[in-house]
Amino acid sequence: MLSRSAQGIYWMGRYLERTECLCRLMQLQTEALVDRPARDIYVGWRRLYGVLRRIPPGGVLDFADSDDFTLADSYTLAGDLTFERSNPDSVWNCFAQGRENARHMRHCISAEMWQRVNLAYLRLRDMDIEDIWSLPEGFYAGLAAETDAFDGAAQATMYRDEGWSFLRLGGFIERAQFATGLLLQQLAIDEEGDGYAEEDWVGLLEASHALEVYNRRYGAAVHAHPALDLLVTDPLLPGSLGRTFTQISQEIARLGTGPGTDSGRAAQRLTGRMLSLLQNEWPDSREREGLLRRVLTEATNLHFMINEAYFDYPLNVYAE
Amino acid sequence: MNFDSYNLDAAIYDEMLLPDGSPREHSARLHETLLRLSPEELGSIQEGVARSFLHEGIFFTVYGDDEAQERIIPVDCVPRVLSAAEWGLLDRGLSQRLRALNRFVDDVYNGAYAVSDDVIPEDLVSGCPNYRPEMLGYSPPHGVWVAICGTDLLRTDDGFFVLEDNLRSPSGVSYMVATRNAVKAGLRRLYRSYRVREVEHYGSLLQQTLIELAPGGKPDPTIVLLTPGVYNAAFYEHMFLAHEIGAELVEGRDLLVRNGFVYMRTTSGLRRVDIIYRRVDDLFLDPFVFRPDSMLGVPGLLDACKRGNVTLVNAPGVGVADDKSVYPFVPDMIRYYLGEEPILGNVETYLCRRPAELEYTLDNLDKLVVKRVGESGGYGMLIGPHATPEERNEYAQQVRANPADFIAQPVLTFSRAPCLVDGQLEPRHVDLRPFVLQGRETRIVPGAFCRVALRRGSLVVNSSQGGGGKDVWVLEE
């Protein structure tokens, strides 16, 4: 497969995964506006801006224990994170970039995938925060469902060649980085306060489709430690770090080391180390924040290794 | 629908109706169907066609001051019908023309016998901006310089005429296929009963043609389509064609030349490329030979081509044969190279480089269409009868300053066809661009992209100038 095409598909996977992650969080955040205390809403925004490493409009997030301020701020912040064209990580930009990559690589994906993403884009392209503010959670749920439908179309129709692997690989790398960043944000918030707030972890579990599993396993009361364990290690939970790195490892094994063989081998070794870390070191570790930081750094390194192994490798390689 | 307010003009050939308002024989069933459909029903079919383009993402990109805009080409849902006999004539005429053009290009770069035999003036060839002396002595596989040609045709009461041969990067074939898919879905019963010849297999004919042009007849060659990139207005077409022929869609940065061979960068290493269907203009193909500042091309590509290690389709230098100044000589080329009379005629053309014809042009600016030889897409031309005296005077000064840059043609009252405009059927001028392929043999898909001058009274069909498209139904015998 042409390296540039593979790279385009990889990025399509990343952008659409990021769109979904953002939509899930924004859905929860805007649902919270209906009945949650101002403190919970403030934490939610802080988590979102923290994971995106973005400075909010106005420079800082102020905790105002007043409904009026909270709602007014939320409108501005939601607009910034959803439709702001100058914010590269806004929902709009992520989705538009995913769709743009799909348009460039349309000859490598199925017609069903293209139509899914294009139709959703056509509905989204002229919207603004005003258009969705009467029921914002419905908008985010709808867009997240569109990305799910895209995944479903890919699952059902995409030819299982290298393109398929790169699409998945992009999505998994994005998921690993986003989920790890989110957990780190929450741990930092917990440390600043008087211990953890149950509602924050409920939100995280919900955003990761893990609340029902948690409740089945641990009961209705949500505690930070078991929730963190579930989100990091559970091998059956689609969004857990353990499962995500297993899938990364499988896709890299399937692709082989690539023409940039040094980077390809390094990527294989690194995913092995990450799996070992999550399976063996994590359960006994008291330095969980440190381990998560390591995971985040190595997920970023993996991204660069993939780039050098398959897309941007040195040209002194054997020519067929 | 009815034709009550249809402005039928006996002086202008109508593709569907005879001068008395009755339908032409091969259009009768379409006419009958249109009469049966309500304006709402036809409107709904029209909407379906537009929606299909939107959903498929068949855009061309227009770049404004602020940001690029994706626009869909407006497609009219009423097809234009051609009888088997009409198509038969076009098929023979287009094949003949392409054979002659290929012989001409080969001659230009290998002996120039047509010049020494006074078939075409030497200065027209060597002075042509698309003449590439770098190609002298080159012999492409099977002598095919032009493998893909899109010929613009007009019809008048006197029959079909060739307006232009597009030999460099003819575009529009993807619209032909997309329009067919959308229109037949809207008029499915009529389509089924009409026995329309298919166009959807264009991709496989193109693939077959390209394979035949592999260097040294290499079996199972690797084909790529070279695009200038996503910002090119025709990017959709490049992507569509790459998909149809199972080729990688590459940009210059994906290719490199080593030891005279071309390779592309893949996820499994460098892979040799045998055939490049290039949609990049000559001057941007190879910075070692042409424009050194080109970022779209591949250094060393022309050398690889001339060594016979890769086939470029169409070959560099073919633009010498579709130059507007060379165009008037195509009928003579057919006689000279093939010993045949041209089946399809040319539009009468005055070369302003010739003093007598310049004088005639300047004296009759109000009756002529004057075009710059180096322009295309409807740009840089004067439609005399539609221009103001001031515009004509200004244009005349430009012609006088550099006569060799201009040609003139009479304003043809070319044919019109019914189009759905604001809920009514109205006549609009149409042209026809069929696509001809030349490998070991000539192949023509029975159909064309029919361009429509959608503005009332307009004679300009180019999409960049507000033109639209129409499906063309070629009927079986």
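Each chain gets a letter, A, B and so on, in the order its sequence line appears, and its residues count up from 1.
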Original post:
Does any N or O in the side chain of Arg271(B) come within less than 3.5 Å of the main-chain N or O of Met1(A), such that one atom is a donor and the other an acceptor?
Top reply: no
Original post:
Using non-hydrogen atoms only, which part of Phe240(B) is less than 4.5 Å away from chain A: side chain, backbone, both, or neither?
Top reply: neither
Original post:
Among Glu100(A), Arg106(A), Gln7(A), who wins on heavy-atom pairs under 4.5 Å with chain B?
Top reply: Arg106(A)
**OP:** Check whether Val250(B) gets within reach of chain A through its side chain, its backbone, both or neither, counting any heavy atom under 4.5 Å.
**Re:** both
Original post:
So with a 6.0 Å cut-off around CZ of Arg53(A), is the heavy-atom count from everything else above 12?
Top reply: no
Subject >> Over all atoms of both residues, closest heavy-atom pair of Gln115(A) and His55(B) >> reply: CG-O, 4.2 Å
**OP:** Would you mind checking which part of Phe235(B) comes under 4.5 Å of any heavy atom in chain A, side chain (CB onward), backbone (N, CA, C, O), both or neither?
**Re:** side chain
Original post:
Can you tell me how far the NE2 atom of His107(A) sits from the CG atom of Leu241(B), to the nearest 0.5 Å?
Top reply: 11.5 Å
**OP:** Counting only heavy atoms closer than 4.5 Å, note whether Leu256(B) contacts chain A via side chain, backbone, both or neither.
**Re:** side chain
**OP:** Check whether any side-chain N or O of Asp254(B) sits under 3.5 Å from a backbone N or O of Ser5(A) as a donor-acceptor pair, and report yes or no.
**Re:** no
Original post:
Does CE belonging to Met295(B) count more than 12 external heavy atoms closer than 6.0 Å?
Top reply: no
**OP:** Would you mind reporting whether Tyr313(A) and Thr267(B) have side-chain heavy atoms less than 4.5 Å apart?
**Re:** no
Subject >> Option in His243(B), Met264(B), His238(B) with maximal non-hydrogen atom pairs under 4.5 Å from chain A >> reply: His243(B)
**OP:** Identify which part of Glu251(B) has an atom lying under 4.5 Å from any heavy atom of chain A, answering side chain, backbone, both or neither.
**Re:** both
**OP:** Select one option (side chain, backbone, both, neither) describing which atoms of Leu2(A) are under 4.5 Å from chain B's heavy atoms.
**Re:** both
Subject >> Exercise: identify the closest heavy-atom pair between Gly269(B) and Pro259(A) >> reply: N-CG, 3.3 Å
Original post:
Do Arg265(B) side-chain atoms and Leu315(A) backbone N/O form a donor-acceptor pair below 3.5 Å?
Top reply: no
**OP:** Decide yes or no on salt bridge (charged side-chain N to carboxylate O under 4.0 Å, His left out) for Arg4(A) and Glu248(B), but give the supporting numbers first.
**Re:** CA-CA 10 Å; Arg4(A) 194 172 43 78; Glu248(B) 292 288 358; over 6 Å; no
Subject >> Arg99(A) portion near chain B, given a 4.5 angstrom heavy-atom threshold >> reply: side chain
Original post:
Would you find more than 12 non-hydrogen atoms of other residues, nucleotides or ligands less than 6.0 Å from Arg192(B) atom CZ?
Top reply: no
Original post:
Can you name the closest pair of heavy atoms from Arg103(A) and Val230(B) and give their distance?
Top reply: NH2-O, 4.0 Å
**OP:** Please indicate whether Arg188(B) has more than 12 foreign heavy atoms, meaning atoms of other residues, nucleotides or ligands, lying under 6.0 Å from its CZ.
**Re:** no
**OP:** Please check if atom CG in Asp220(B) has more than 12 non-hydrogen atoms from other residues, nucleotides or ligands closer than 6.0 Å.
**Re:** no
